[in-house]
Peer 1: 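The structure under discussion is supplied below as structure tokens; questions concerning it will follow.
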Protein chains: 2
Amino acid sequence: MAEERNERPLRHDRHSVVACALRLLDDVGLPDLSMRRLATELEVQPSALYWHFESKQQLLAAVADRILSAVGELDPSTTLEDAAQAILDALLTYRDGAEVVMSTYALRLGAHGAQRALLGVLDGDQSAADALFEFILGHATLLQQRMHAQSIGAVAADAADPAEHSDEVFQAGLHAFSAARSRH
Amino acid sequence: MAEERNERPLRHDRHSVVACALRLLDDVGLPDLSMRRLATELEVQPSALYWHFESKQQLLAAVADRILSAVGELDPSTTLEDAAQAILDALLTYRDGAEVVMSTYALRLGAHGAQRALLGVLDGDQSAADALFEFILGHATLLQQRMHAQSIGAVAADAADPAEHSDEVFQAGLHAFSAARSRH
DNA sequence: ACCTGAACACCGTTCAAGT
DNA sequence: ACCTGAACACCGTTCAAGT
């Protein structure tokens, strides 16, 4: 009992801030991931975050980086299907992960690794690799969008599946890129 | 000179509100399209908007509808390339148009027409049509994202093209879906 | 039918100042 | 090196009340 309970220096660095942001993202979703809420979670004033990141955009870019880092370097023998699935899995690991990656894609901090993996699998065809990456991101974003809408209950009249046919749509896309490659 | 200059009833309906929102979107972009700013543009209090739409989301869904309505019904003889290009053109007509459509896609108010067009062009293959639509949306969103980042100047070190290779990436994607269809 | 006025509970960001 | 405190200029939304 030598220590009091509410005095803590509680210093952070970029790494711990990003880790907390990623956890918070998964808990509350992108619309509720605010700088003020993140600061509260870190037991710090909102302004403290601006010592570590120059803006919310830059912080989200670092979060996107971490989301895609799970893809890592893929074995050269990986199939197109496995490479694409690995990227999709990384995007779907955290709530709204695809939208975060999409919203910071222009700053291309973390997409390089994932796109290099696709490039290898598509025999060096840069345009096809970019197109496939755009398809994966579009697919993941729309899927997570629907998951959120469903959890809110704000969904169209028909609306049967939470993600029922989503896998077969993904496979149809992969089949297309696969077919295009084989007829060089 | 029989009329004063600052008394105007200025009553609106859903149509005129959406038209103004679309104009404002193109002028200032999605991040600056706020309910308060839209209200100012309409010379009305922000709360007045909530008589016409129950939330900002619903208003944006109506805007997305209008963006995609430009696609209309396509001739059955249209090629896959032309159908896809028509949808892409509609998304790129207004600043941040693709992101607006994407963010309200779960409510599927306006995507039906565009997707029906793709379905016809893909011989009724629903999964392939959905996948192609996801590719087009992903492509358009990332392109507009890059255009915005470039105008801000916040762009990666390499970053050569504003959209230089973007068309050839789009064609690579279309080529893939086209190839998959022909080998039924 | 359509809008005002006022309020509630929030935002991102800056900047001087502290330790 | 890392954070506080206070401020600035905003948000979306609700609701009683007006016409």
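Chain naming here is simple, since letters A, B, ... match the order of the sequence lines and numbering starts at 1 in each. Owing to the predicted nature of the structure, the values given are computational and were not obtained by experimental measurement.
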Peer 1: Step by step, work out the side chain to side chain donor-acceptor pair (under 3.5 Å) result for A:D75 and A:T78.
Peer 2: CA-CA 5 Å; A:D75 205 86; A:T78 316; 5.0 Å; no
Peer 1: Tell me: CG of A:L49 to P of D:dC2, nearest whole Å?
Peer 2: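 Atom-to-atom, A:L49 to D:dC2, this comes out as 13 Å.
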Peer 1: Can you tell me if A:H52 touches the phosphate of D:dA1, counting only side-chain N or O atoms and a distance under 4.0 Å to OP1 or OP2?
Peer 2: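 False: A:H52 side-chain N/O out of range (4.0 Å or more) of D:dA1 OP1/OP2.
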Peer 1: Over all heavy atoms of both residues, which pair between A:M35 and A:L59 is shortest? Give the atoms and the distance, please.
Peer 2: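 Reported closest heavy-atom pair: SD-CD2, 3.8 Å.
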Peer 1: By nearest nucleotide on DNA chain C, pick out whichever of A:E54 and A:S34 is the more 5' one.
Peer 2: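 Nearer the 5' end of the strand: A:S34.
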Peer 1: Which word best sums up how the rings of B:F135 and A:F177 line up, parallel for under 30°, tilted for 30 to 60°, or perpendicular for over 60°?
Peer 2: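 Taking A:F177 first and then B:F135, their aromatic rings stand perpendicular (interplane angle over 60°).
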Peer 1: Can you check the A:M35 CE to D:dC11 P distance for me, whole Å?
Peer 2: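 That distance rounds to 19 Å.
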Peer 1: Using a strict threshold of under 4.0 Å (side-chain N to carboxylate O), is an ion pair present between B:E134 and A:R146?
Peer 2: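 Looking at A:R146 and B:E134, the cut-off is met.
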Peer 1: Do you know the tightest heavy-atom contact between A:L88 and A:A140?
Peer 2: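 That would be CD1-CB, 3.7 Å.
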Peer 1: C:dT13, C:dC2, D:dG12: which one has an atom nearest the side-chain heavy atoms of B:R11?
Peer 2: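 Of C:dT13, C:dC2, D:dG12, C:dC2 is nearest to the side chain of B:R11.
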Peer 1: Tell me the interatomic distance from B:D32, atom CG, to C:dC11, atom C1', rounded to whole angstroms.
Peer 2: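 Checked: the CG to C1' distance equals 14 Å.
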Peer 1: Please list all pairs passing the side-chain hydrogen bond (donor to acceptor under 3.5 Å, both in side chains) test where one or both residues lie in residues 25-42 of chain A, with sequence neighbours left out.
Peer 2: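 Every pair satisfying side-chain hydrogen bond (donor to acceptor under 3.5 Å, both in side chains) with a residue in residues 25-42 of chain A: there are none.
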Peer 1: Expressed as a whole number of angstroms, how long is the span from B:L60:CG to D:dC11:C1'?
Peer 2: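 Taking CG of B:L60 and C1' of D:dC11, I get 14 Å after rounding.
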Peer 1: B:P31 and B:D96: which non-hydrogen atoms are nearest, and at how many Å?
Peer 2: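 Shortest heavy-atom separation between B:P31 and B:D96 comes out as CD-OD2, 3.6 Å.
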Peer 1: Residues two or more places apart in sequence or in another chain: which of them pass side chain to side chain donor-acceptor pair (under 3.5 Å) with A:Q85?
Peer 2: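 Here the qualifying residues are A:D89.
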Peer 1: Any side-chain donor paired with an acceptor under 3.5 Å for B:S178 and B:R181?
Peer 2: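 Their side chains do contain a donor-acceptor pair, which is all the 3.5 Å distance test asks for.
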Peer 1: Do you know which two heavy atoms are closest between B:L33 and B:K56, and how far apart they sit?
Peer 2: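 In this case the closest contact between B:L33 and B:K56 is O-NZ, 3.0 Å.
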Peer 1: What I want to check is whether the side chains of A:S127 and B:E168 have a donor and an acceptor closer together than 3.5 Å.
Peer 2: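 A:S127 vs B:E168: donor-acceptor pair found between side chains.
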Peer 1: Tell me if the OH atom of A:Y105 is crowded by more than 12 foreign heavy atoms within 6.0 Å.
Peer 2: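 Counting other residues, nucleotides and ligands, OH of A:Y105 exceeds 12 neighbours.
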Peer 1: Hey, what are the protein-to-nucleotides 5-9 of chain D N/O distances that come in under 3.5 Å?
Peer 2:
{"residue": "D:dG5", "atom": "O6", "partner": "A:S47", "partner atom": "OG", "Å": "2.7"}

Peer 1: Could you give the distance separating D:dC3 and C:dA16 at their C1' atoms, to the nearest angstrom?
Peer 2: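 The answer is 13 Å between these two C1' atoms.
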Peer 1: Would A:L174 and A:F170 satisfy side-chain contact (heavy atoms from CB on, under 4.5 Å), going step by step from the backbone distance to the final call?
Peer 2: CA-CA 6 Å; A:L174 296 192; A:F170 190 61; 3.7 Å; yes
Peer 1: Find the distance A:W51:CH2 to C:dT19:P and express it as a whole number of Å.
Peer 2: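 Those two atoms, CH2 and P, are 19 Å apart.
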Peer 1: What are the residues of residues 94-104 of chain A, sorted by number, that bring a heavy atom to within less than 4.0 Å of DNA chain D?
Peer 2: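 Going residue by residue through residues 94-104 of chain A, none turns out to have a heavy atom under 4.0 Å of DNA chain D.
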Peer 1: Only Watson-Crick and G-U wobble pairs, only distances under 3.5 Å, only runs of 3 or more: what stems does that leave for DNA chain D?
Peer 2: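 Counting only runs of 3 or more consecutive pairs, the stems involving DNA chain D are C:4-8 with D:12-16, C:12-16 with D:4-8.
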Peer 1: Below 4.0 angstrom, which residues in residues 12-23 of chain B have at least one non-hydrogen atom near DNA chain D?
Peer 2: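 Per residue number, the list is empty: none.
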Peer 1: Whole angstrom is fine here: how far is it from CZ in A:R37 over to C1' in C:dC11?
Peer 2: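 In whole Å, C:dC11 C1' lies 13 Å from A:R37 CZ.
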Peer 1: Expressed as a whole number of angstroms, how long is the span from A:F53:CZ to C:dT14:C1'?
Peer 2: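 Atom-to-atom, A:F53 to C:dT14, this comes out as 18 Å.
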Peer 1: May I have the distance from A:L42 (atom CG) to D:dC2 (atom P), rounded to whole angstrom?
Peer 2: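 Value for this atom pair: 14 Å.
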Peer 1: Starting the side chain at C-beta, find the nucleotide from D:dT13, D:dC3, C:dT4 nearest to B:V44.
Peer 2: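 Of the candidates, C:dT4 comes closest.
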Peer 1: Decide side-chain contact (heavy atoms from CB on, under 4.5 Å) for A:L107 and A:Q57; before the verdict, give the C-alpha distance in whole Å, the side-chain angles of both, and the deciding distance to 0.1 Å.
Peer 2: CA-CA 10 Å; A:L107 300 89; A:Q57 268 256 37; 4.0 Å; yes
